[in-house]
J.: 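Dropping the structure in here first, questions after.
We name chains A, B, ... by the order of the sequence lines, and we start the count at 1 in each one. The structure displayed is predicted, hence computed values, not measured ones. Below, each value reflects all heavy atoms present in this structure, side chains not excepted, and no hydrogens, waters or symmetry copies.
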Amino acid sequence: MTATLFWFRKGLRLHDNPALLATIAEAHTLYPVFVIDPALVTPERVGANRLAFLLESLAALDSSLRRLGSRLIVLRGEPVACIARALAEWQIARLGFERDDEPYARQRDRQIVQIATERGIAVRTLPGHTLYDPAASIAAAGGRAPRTYQAFLKLLAQLGPPAAPCPAPGALPPLGPLAGAIPRAIPSLAELGHPSATATLHAGAGGEGAALERLSAWLADRPRVAHFAKPDTDPTAFAPPSTTTLSPYLKFGCLSPRTFWSALQQIYAEFPDRTQPPVSLLGQLYWREFFYTLAWETPNYDRMVGNPICRQIPWEDDPARLAAWEEGRTGYPWIDAAMIQLRQEGWLHHLARHAVACFLTRGDLWVSWEAGQRVFERWLVDADWCLNASNWMWLSASAFFHAYHRVYSPVAFARRTDPGGQYVRHFLPGLARLPDRYIYEPWKAPLAVQREAGCLIGRDYPAPIVDHDQARVRNLERMRSAYAAG
DNA sequence: TTGCTAGTTGGAAGA
DNA sequence: CTCTTCCAACTAGCA
């Protein structure tokens, strides 16, 4: 009898899971395992909303496995030690998992593969988190990942369509004999030291089933899918948002990118006038792929120093400014409302992320993008190591994007799509009674208007921590110097 | 080597 | 309200 352990990490799904299929094909008995690493679930590292989403995804996976006569075994502890112990206790002969290309995961997986190999355990890994295997894409590109999106699209054309999604398993090997003794152990948020989740957008919606339902629901409006243009979507729309909000499912692998890709192709076939990458929905999947591919070969991808694609810029450490930004008290309602939405819902529209990221770094506060990256990493339900680093480099004009003189206005930008300030009024109820005219710059409201609205600047809502026009001019000069020095 | 082109998503002012 | 123009500007990719 060959006892096999399949280790779920990302890829929390049964559909299109090549590593799982390959692993169970050779198994007589199976131990499906997930490990909760206590170091990664502290409130300092992860907000309650993302942790709740993960726990829901695990519960959904457990239910799916049970329908096939199996179950999910949730272990808690340092992952390498946990898996090593399980391999020994359950006399595992084969280990399988989906490859994870993040540096932390690569390091972790190297250790467990070494331990398994030393003990004579066969290890089976396959990629499944991206459309293509980044290593294979780079090899096809001649050993160097493209540095621009357009060059990456050319590479994709050369690669041809990604592999078709594989079916979910119709049956699973019986549970390993020792699994019966292990209690069902998906912990609660409270057990992990967290308050309850506050999300409205993704509340109670973790897991593969919800992912596929939300995908179907979004795809049902076929003209909208075919004509989707990301830059034209509304960053101030929040009930409902103007984009798919599928990102958390892709982050945890509740949704396969290849399943998404295939579904899009079917719709695109009906619409000759569909939008194209980079702005189309397919283009969004390709941005993800582009960044994953480049990150695979770039050292220190989530840092400025030692990162060969990142411009070296003398950001200034300023804990007070950083805290004001993170806590939504910069005095700019559009920025503050977005930061409140981030913390309440764990989600922000892409362009709202742009606005707050530009504000923290090159636009206004001149604080390092790495500090902002850590804040997003904590609060976003869809926090994705590679995409988070990529977009912070983009917005801070450290890589990919170089037109640093283009600075988002914290006053004018949101006014274009939301002149009445409904978004601000929702997330900053203290400002709700201000007239439209002052909703994005309340410090300009005459005192009588502030009193009438029940919102005195400096008492009920902060005055701006920087003068945007002055900060912008000063920072443009600093960017010019940094670019010249580079 | 050099020159040329194109690049997901700005803002202000004016027609 | 929508469109155009100007501002000031850098890089990767390619011929």
J.: Suppose we screen for ring-ring contact (aromatic ring centres under 6.0 Å, His included). Which residues come up paired with A:Phe376, at least two apart in sequence or across chains?
T.: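 Checked A:Phe376 against ring-ring contact (aromatic ring centres under 6.0 Å, His included); matches are A:Trp392.
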J.: Ring centres of A:Phe400 and A:Phe291 under 6.0 Å apart?
T.: yes
J.: So if I take residues 382-400 of chain A and measure heavy-atom distances to DNA chain C, which residues fall below 4.0 Å?
T.: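 Result for residues 382-400 of chain A: none.
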J.: Using a 4.0 Å heavy-atom cut-off, write out nucleotides 8-15 of chain C from 5' to 3' as B (base contacted by protein), S (sugar-phosphate only) or - (no contact).
T.: BSSSSSS-
J.: Which pairs, with at least one residue in residues 136-159 of chain A and sequence neighbours excluded, count as a ring-ring contact (aromatic ring centres under 6.0 Å, His included)?
T.: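 ring-ring contact (aromatic ring centres under 6.0 Å, His included) check on residues 136-159 of chain A returns A:Tyr149-A:Trp287, A:Phe152-A:Phe290.
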J.: Under 6.0 Å from the six-membered ring centre of A:Trp218 and within 45° of its axis: does the NZ or CZ of A:Arg224 meet both?
T.: yes
J.: If the condition is ring-ring contact (aromatic ring centres under 6.0 Å, His included), which residues does A:His129 pass it with, not counting sequence neighbours?
T.: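 Per chain and number, A:His129 pairs via ring-ring contact (aromatic ring centres under 6.0 Å, His included) with A:Tyr292.
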J.: Base, sugar-phosphate, or nothing for A:Val407, non-hydrogen atoms under 4.0 angstrom?
T.: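 Here A:Val407 touches the backbone only, sparing every base.
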J.: Going by side chain to side chain donor-acceptor pair (under 3.5 Å), name the residues that satisfy it together with A:Glu377, two or more places apart in sequence or in a different chain.
T.: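 Not a single residue meets the side chain to side chain donor-acceptor pair (under 3.5 Å) criterion with A:Glu377.
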J.: According to the Watson-Crick and G-U wobble definition with distances under 3.5 Å, which dot-bracket string, read 5' to 3', encodes DNA chain B, using [ ] for crossing pairs and | for pairs with another strand?
T.: .||||||..||||||
J.: Cation over ring, A:Arg50 on A:Trp379, under 6.0 Å and within 45°?
T.: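 No; the conditions do not both hold, so A:Arg50 does not lie above the ring face of A:Trp379.
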J.: So A:Leu126 and A:Arg99, side-chain contact (heavy atoms from CB on, under 4.5 Å) or not? Walk me through it.
T.: CA-CA 5 Å; A:Leu126 284 172; A:Arg99 216 183 64 202; over 6 Å; no
J.: Compute whether any side-chain donor of one residue and acceptor of the other, for A:Glu345 and A:Thr200, lie under 3.5 angstrom apart.
T.: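 Note: A:Glu345 and A:Thr200 side chains meet the donor-acceptor criterion.
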J.: Going 5' to 3' along DNA chain B, which nucleotides are the first and last within contact of chain A (any atom under 4.0 Å from a heavy atom)?
T.: B:dG7 to B:dA12
J.: To the nearest 0.5 Å, tell me how far A:Trp296 CH2 sits from A:Arg106 CZ.
T.: 5.0 Å
J.: Would you kindly check if the NZ (Lys) or CZ (Arg) of A:Arg222 is within the cone defined by 45 degrees around the ring axis of A:Phe271 and under 6.0 Å from the six-membered ring centre?
T.: no
J.: A:Arg353: what forms a side chain to side chain donor-acceptor pair (under 3.5 Å) with it, not counting sequence neighbours?
T.: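 Counting only residues at least two positions away or on another chain, A:Arg353 forms a side chain to side chain donor-acceptor pair (under 3.5 Å) with A:Asp382.
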J.: Looking only at the aromatic ring of each residue, does the gap between the centers of A:Phe413 and A:Tyr408 stay below 6.0 angstrom?
T.: yes
J.: Centroid separation under 6.0 Å, is that true for the rings of A:Tyr423 and A:Trp334?
T.: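 When the ring centroids of A:Trp334 and A:Tyr423 are compared, they turn out to be within the sub-6.0 Å range.
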J.: Output the residues of residues 411-424 of chain A in contact with DNA chain B, where contact means a heavy atom of the residue under 4.0 Å from an atom of the strand; sort by number or write none.
T.: A:Ala412, A:Phe413, A:Arg416
J.: With rounding to whole Å, what would you report as the distance between B:dT8 and C:dC6 at their P atoms?
T.: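 That atom pair is separated by 24 Å.
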J.: Which residues in residues 349-364 of chain A have a heavy atom closer than 4.0 Å to any atom of DNA chain C?
T.: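 Listed by number, there are none.
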J.: If the condition is ring-ring contact (aromatic ring centres under 6.0 Å, His included), which residues does A:His426 pass it with, not counting sequence neighbours?
T.: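 For A:His426, the residues satisfying ring-ring contact (aromatic ring centres under 6.0 Å, His included) (neighbours in sequence not counted) are A:Phe238.
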J.: Nearest 0.5 Å, what's the CG-CD distance between A:Leu12 and A:Glu56?
T.: 12.5 Å
J.: On the six-membered ring of A:Trp325, is A:Arg321 placed so that its NZ or CZ lies under 6.0 angstrom from the centre and within 45° of the ring axis?
T.: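 Verdict for A:Trp325: no cation-pi partner in A:Arg321.
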J.: If I pick the P atom on C:dA8 and the same atom on B:dG14, what distance separates them, to the nearest angstrom?
T.: 15 Å
J.: Any Lys/Arg nitrogen of A:Glu477 or A:Arg474 sitting under 4.0 Å from an Asp/Glu carboxylate oxygen of the other?
T.: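 Not counted as a salt bridge, because no side-chain N and carboxylate O are separated by less than 4.0 Å.
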